[in-house]
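Some notes on the structure that comes next.
Not measured: the values here are computed from a predicted model. By convention in this document, chain letters (A, B, ...) are assigned in the order of the sequence lines, proteins followed by strands, and residues within each chain are numbered from 1.
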Amino acid sequence: MYALVDGNNFYVSCERVFRPSLQDRAVVVLSNNDGCAIARSNEAKALGIAMGAPWFQIRHLEESAGLVSLSANFTLYGDMSERMMSLVAGLGHRQEIYSIDESFVDLTGIAGDWGERARRVRERVLTWVGIPCCVGLGATKTLAKLANHIAKTAERKPGLYPAHLAQVCALGQLSVAEQRALFEATPVGEVWGVGRRIAQRLQAAGVHTVADFMRCEVSWVRANASVVLERTWRELHGMPCIDLDDVPNDKQQIACTRSFGQPVLTLGDLQAAVTTFTQRAAEKLRGQASRAGAVLCFVRTSPFRQQDRQYANSVVVPLVRPSADTPELVQAALVGLSRIHRPGYRYAKAGVMLLDLVPQSWQQHELDWGEAMPGDAQAAQVAQLERPRERLMAALDAINTRYGRGALTLAATQAGSAEQPWQMKQARRTPRYTTHWEELAQVRA
DNA sequence: TCTGGGGTCCTAGGACCC
DNA sequence: TCTGGGGTCCTAGGACCC
């Protein structure tokens with residue numbers, strides 16, 4: 001038995017904790033560069049604002065409907081998430097943190113009424129952290145997800161589902177007939193693992209609801225889709241196919257990509273941006289004690305500016321040996337950039353991805369390493385050469401941890417024009433209330 | 001004028017091997 | 001005139017998730 005706990009409109013809820021005046025108002029949180037709505041309060045959803053709606057298309061609602069928009073404050077959301085997750089962990093013995101606002105908990109070995117237990121944890125998160133959540137319980141992760149969707153929808157749009165399922169929905173505590181009624185009322189596209197494309201294909205074949213999908217022959221699912229969708233089908237029938245991932249593996253690739261605050265015209269500005277992105281990716285890389293075997297660099301113009309000449313390109317630069325050294329990775333990224341950069345375009349976005357990651361502890365020997373020497377001596381020599389650089393990187397990370405990200409950076413991040421047009425825009429970011437001394441919430445007597 | 005960022009997994013097809 | 005069978009590895013692209 002699994003529970004899925006999901007924060008409601010998570011980013012908006014985080015903001016409301018520190019600004020109660022946002023309660024009951026239409027609020028959106030915007031993506032980087034204040035580009036699109038990536039979180040919406042229920043009131044904002046009721047205004048018809050879609051997920052991902054561009055801000056410039058909805059900003060008229062500021063005037064006409066009192067819409068409030070905020071720049072994303074990921075530092076705050078990450079910290080609030082940790083607080084919420086630590087409470088949710090108390091639901092069972094094993095927890096998988098699935099995303100910033102969602103967590104699966106394995107209820108195996110937990111006695112008593114699971115629905116009641118879920119209600120208590122939900123209440124505790126609301127009281128101690130201030131975040132409202134919904135909980136779904138089911139025999140598999142896919143069923144828990146579906147139950148969570150029902151719990152959320154029953155709360156937000158009364159009428160579609162029975163009212164007593166709002167906030168907490170435990171499928172296992174319902175009769176077969178009640179469950180079937182829920183499945184008949186739920187579009188197949190709401191199922192975890194059924195995206196837009198597959199939903200379209202299913203609908204074309206006459207499969208509209210979860211119940212329709214469950215009635216399909218599994219062999220038909222396999223033949224007409226893939227083994228992935230077959231697993232989804234089995235999970236809906238109560239056969240667990242997707243394990244709880246409570247000890248996540250190291251990332252297989254690490255990316256840092258950004259849209260620019262303004263169009264970038266010069267190579268110098270692109271170099272500063274790519275250096276900054278690589279530096280950030282390298283921090284993440286060392287954070288999981290890995291090295292990268294290759295660096296991918298890409299640039300592109302804005303596909304939305306049809307009047308501009310378009311250009312997009314990427315290149316993978318392999319490294320001689322895996323590295324977690326910021327200057328080495330930056331050098332590779334800049335070599336890549338010089339290969340794909342073409343003058344005369346209005347660049348809108350660039351990015352760096354670190355690929356072929358291996359654990360730091362791996363030691364790759366080389367056939368042509370100087371004179372022949374026994375393997376151990378060779379390894380020792382490589383280690384000796386690398387140690388000062390590793391210590392330098394460790395010092396860099398320690399300083400940036402202590403004094404804040406960006407306290408110590410490569411000089412190359414300052415290349416290009418002084419205005420740094422690639423820096424992102426964040427016009428309305430709220431204070432980092434819980435993680436920065438200067439930005440703590442103040443109480444006035 | 002203004003349109004996010006960061007991941008994972010699966011499959012098909014080509015190159016190559018014996 | 002005739003041209004096997006079985007396998008691995010890699011990559012690109014497509015699907016999904018939040």
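Considering only the side chain of F56(A), dC2(B) comes nearest among dG5(B), dC2(B), dG7(B).
Look at K145(A) and you won't find any side-chain N or O under 4.0 angstrom from OP1 or OP2 of dC17(C). Proximity of Q262(A) to the phosphate of dC2(B): no side-chain N or O atom is located under 4.0 Å from OP1 or OP2. Here K284(A) does not reach the OP1 or OP2 of dG5(B): none of its side-chain N or O atoms lies under 4.0 Å away. Between R231(A) and the phosphate of dC10(B), there is a side-chain N or O to OP1/OP2 separation shorter than 4.0 Å. Applying the 4.0 Å criterion to OP1 and OP2 of dC17(C), one finds that S99(A) has every side-chain N and O outside that range.
With both pairing distances under 3.5 Å, dC16(B) is matched to dG7(C) as a Watson-Crick or G-U wobble pair.
The distance between the ring centers of Y2(A) and W192(A) does not fall below 6.0 angstrom.
As judged by a 4.0 angstrom heavy-atom cut-off over every strand, V316(A) is placed among residues making no nucleic acid contact. Using a 4.0 Å heavy-atom criterion, one finds that D101(A) contacts the sugar-phosphate atoms exclusively. Nucleic acid contact for R258(A): sugar-phosphate only, since backbone atoms but no base atoms lie under 4.0 Å from a heavy atom of the residue. Residue contacts shown for K425(A) are absent, as no nucleic acid heavy atom lies under 4.0 Å away. Residue R201(A) is classed as having no contact, given no heavy-atom separation below 4.0 Å to the nucleic acid. Contacts of E102(A) with the nucleic acid, taken as non-hydrogen atoms under 4.0 Å apart, involve only primed sugar atoms and P, OP1 or OP2.
If you run side chain to side chain donor-acceptor pair (under 3.5 Å) between N9(A) and each of K45(A), R156(A), R16(A), E15(A), only K45(A) comes through. Each of K425(A), R258(A), Q262(A) was scored for a side chain to side chain contact (heavy atoms under 4.5 Å, CB included) with N33(A), with one residue passing: K425(A).
Whole-Å rounding puts the R429(A) CZ to dG4(B) P distance at 20 Å.
H149(A) and Y161(A) have perpendicular rings, their planes meeting at more than 60° on a 0 to 90° scale where under 30° would count as parallel.
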